[in-house]
Each structure stands twice: as structure tokens, then as C-alpha cells.
Peer 1: 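What follows is a structure written as C-alpha cells; I'll ask about it next.
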Amino acid sequence: MDENSNIRPEVIGLSGLAVEFCKVLANAPQSEPQQFISDVLRYLPRIYIAIGELNPFGNDVLLTDDESLNTDMIEASVTEDQYNDVRRDIASLLGEYDMYLDTPVEEMRFSDTPVAVSLAEQLADIFQNLADFAATLVSVDSMHIPDVLAELKYRFISYLSQTVCSALKAANYILQSKVLIEQ
């Protein structure tokens, strides 16, 4: 980012939120399970709201209908090994409570058996998107920030919002049922 640019406060807030959330997930091996879930629950609604309210170009452009949208603005910075480490660490922390049944999964419509979903994988997916976003913001020229925001909003509309909601629901169940305290 250009130091002299006038970056909107919501962009600074979102990038800070992304970094904080990624730190929580990266530090999962050092966390107590119940505290980790509490932290995740503190961040997921804020992530949903912050990205959901993004207005990258200052108007009400429907990004899902915009064929000119550049979806190559967010650079991949999270390696496959980093992704797998985060996913594996969270799965290990959650133990048997990592997997849960999720009925909105598209495959469920065509299956006679329930579909199991990994909370660790969902959190790793969110981690990857937010870490890539934050890393891109550091390196991109300020005139391209609206394009980076537009791609993040497009990802949110396309799949990330559903992932955040599903993860929030599963984490809430774990916290409310206090199953991790017993471990």
C-alpha cells in the first residue's frame, strides 16, 4: 500500500480483523479448546458483517453480475502446507467435535446419507481467504484496492458467506454444549 494514500477506515479495520483472526487460527496448537472456540465465535460474526458491508466501488454494483470483475487481484500467499497445518492443528484441537452434519451442503440434496463437514476445514478456508487478502493489501498499489475489495466481496457472495455461517453454527454448538470442557 502507498503510505501517502488515503485508505478508507473500513479497509484498515477489515485488514486488521483478518490478521487478528488468522493469528487465532495459527496459534490453535497453543490454545485451550474452549478458549479457541470462544475466540472463533468472537471473530466470525465480525468477519461476516465487515465483508458483507463492503462497497468496493462506492456504489451498489452487484458483483455476481459483473463480467468485467477481475478475480485475479487477490494473490495466493498461503501455501498448501500452511493451509494443511492450520486445518490439521484445529482438527487435532477439536478432536471428535471437528466433524458435524450440515444439511445445507449441496451434496445433501442428492444423497440418502447425511453429509459430514469439518469445522477445521471450514476455518482453514476462511483463514486462507483472509490471509491472502491481507497479504495482497500490503503489496498492492492503492489505486487497485477497490479491485481487491471487489474480489473479496465476490468470494463472499459466491461461497465464503455460507462457510462463515456454517462454521459459526458449529462453533456455537460446541461452545453452548460445553463438550470441549470435558476433554
Side-chain angles (χ1 to χ4, degrees), residues 1-28 36 39-87 89-90 102 104-106 117-172:
M1 270 189 282
D2 294 340
E3 285 187 46
N4 299 328
S5 64
N6 189 11
I7 308 299
R8 298 187 328 230
E10 65 269 19
V11 175
I12 295 169
L14 178 56
S15 63
L17 179 63
V19 169
E20 289 174 27
F21 180 74
C22 290
K23 283 181 183 177
V24 166
L25 297 189
N27 292 325
F36 175 78
D39 290 342
V40 164
L41 283 169
R42 201 170 57 249
Y43 284 103
L44 289 178
R46 293 167 54 201
I47 291 166
Y48 187 94
I49 292 167
I51 301 174
E53 291 180 347
L54 271 181
N55 200 352
F57 301 110
N59 55 30
D60 292 326
V61 173
L62 289 176
L63 297 175
T64 54
D65 297 335
D66 189 356
E67 293 179 11
S68 66
L69 179 66
N70 183 354
T71 56
D72 294 328
M73 289 304 298
I74 296 179
E75 298 176 21
S77 64
V78 175
T79 66
E80 186 175 344
D81 287 341
Q82 290 169 321
Y83 174 91
N84 286 328
D85 287 345
V86 167
R87 183 191 49 76
D89 289 344
I90 295 169
D102 193 19
V105 175
E106 188 64 29
V117 178
S118 165
L119 177 56
E121 187 171 336
Q122 289 179 320
L123 292 174
D125 288 346
I126 299 166
F127 168 87
Q128 182 176 30
N129 278 277
L130 293 182
D132 288 349
F133 164 74
T136 300
L137 275 185
V138 171
S139 65
V140 73
D141 184 272
S142 64
M143 75 179 225
H144 294 295
I145 288 176
D147 295 317
V148 172
L149 296 173
E151 182 177 346
L152 182 63
K153 181 74 176 230
Y154 177 78
R155 290 178 181 192
F156 181 77
I157 292 167
S158 299
Y159 62 89
L160 199 53
S161 62
Q162 182 62 45
T163 304
V164 169
C165 288
S166 293
L168 179 65
K169 179 179 160 190
N172 182 64

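For clarity, every value in this text was computed on a predicted model and none was experimentally measured.
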Peer 1: Where do Phe133 and Ala18 come nearest, in terms of heavy atoms and distance?
Peer 2: CD2-CB, 4.4 Å
Peer 1: Do Phe127 and Ile90 come within less than 4.5 Å of each other through their side chains, counting heavy atoms only?
Peer 2: no
Peer 1: Just how far is it from atom CG of Asp147 to atom CG of Asp141, taken to the nearest 0.5 Å?
Peer 2: 10.5 Å
Peer 1: I need the Phe21 CZ to Ile126 CD1 distance, nearest 0.5 Å.
Peer 2: 5.0 Å
Peer 1: State the CG-CZ distance between Leu123 and Arg87, to the nearest 0.5 angstrom.
Peer 2: 12.0 Å
Peer 1: Any heavy-atom pair between the side chains of Ile51 and Leu130 that's under 4.5 Å?
Peer 2: yes
Peer 1: Considering only heavy atoms from C-beta outward, does the side chain of Gln122 approach that of Leu44 to under 4.5 Å?
Peer 2: no
Peer 1: Is there a side-chain contact between Lys153 and Ile157 (heavy atoms, below 4.5 Å)?
Peer 2: yes
Peer 1: Taking Asp132 for its side chain and Ser77 for its backbone only, find out whether a donor-acceptor pair lies under 3.5 Å.
Peer 2: yes
Peer 1: Can you check side-chain contact (heavy atoms from CB on, under 4.5 Å) on Val24 and Arg42, steps first, answer last?
Peer 2: CA-CA 11 Å; Val24 166; Arg42 201 170 57 249; 5.7 Å; no
Peer 1: Tell me, do Val40 and Leu25 make a side-chain contact under 4.5 Å, heavy atoms counted?
Peer 2: yes
Peer 1: In the structure I gave you, are the side-chain heavy atoms of Leu160 and Tyr48 within less than 4.5 Å of one another anywhere?
Peer 2: no
Peer 1: For Thr163, does its backbone N or O pair with a side-chain atom of Ser166 as donor and acceptor, under 3.5 Å?
Peer 2: no
Peer 1: Please step through side-chain contact (heavy atoms from CB on, under 4.5 Å) for the pair Tyr83 and Glu121, ending with a clear verdict.
Peer 2: CA-CA 9 Å; Tyr83 174 91; Glu121 187 171 336; 3.4 Å; yes
Peer 1: Tell me if a side-chain donor or acceptor on Ser161 pairs with a main-chain N or O of Phe156 at a distance below 3.5 Å.
Peer 2: yes
Peer 1: To the nearest 0.5 Å, how far apart are CG in Leu149 and CD in Glu10?
Peer 2: 8.0 Å
Peer 1: Ser142 and Pro146: which non-hydrogen atoms are nearest, and at how many Å?
Peer 2: O-CD, 3.9 Å
Peer 1: Output yes when a side-chain donor or acceptor of Asn129 lies under 3.5 Å from a complementary backbone atom of Leu152, and no otherwise.
Peer 2: no
Peer 1: As an exercise, state the distance from CG of Asn84 to CD of Glu80, rounded to the nearest 0.5 Å.
Peer 2: 5.5 Å
Peer 1: Measure the NE2-CD distance between His144 and Glu151 for me, rounded to the nearest 0.5 Å.
Peer 2: 13.5 Å
Peer 1: What closest approach, in Å, do Ile74 and Arg155 show between heavy atoms, and which atom pair accounts for it?
Peer 2: CB-NH2, 3.7 Å
Peer 1: Considering non-hydrogen atoms only, spot the tightest contact between Tyr43 and Leu17 and give its length.
Peer 2: CD2-CD1, 3.5 Å
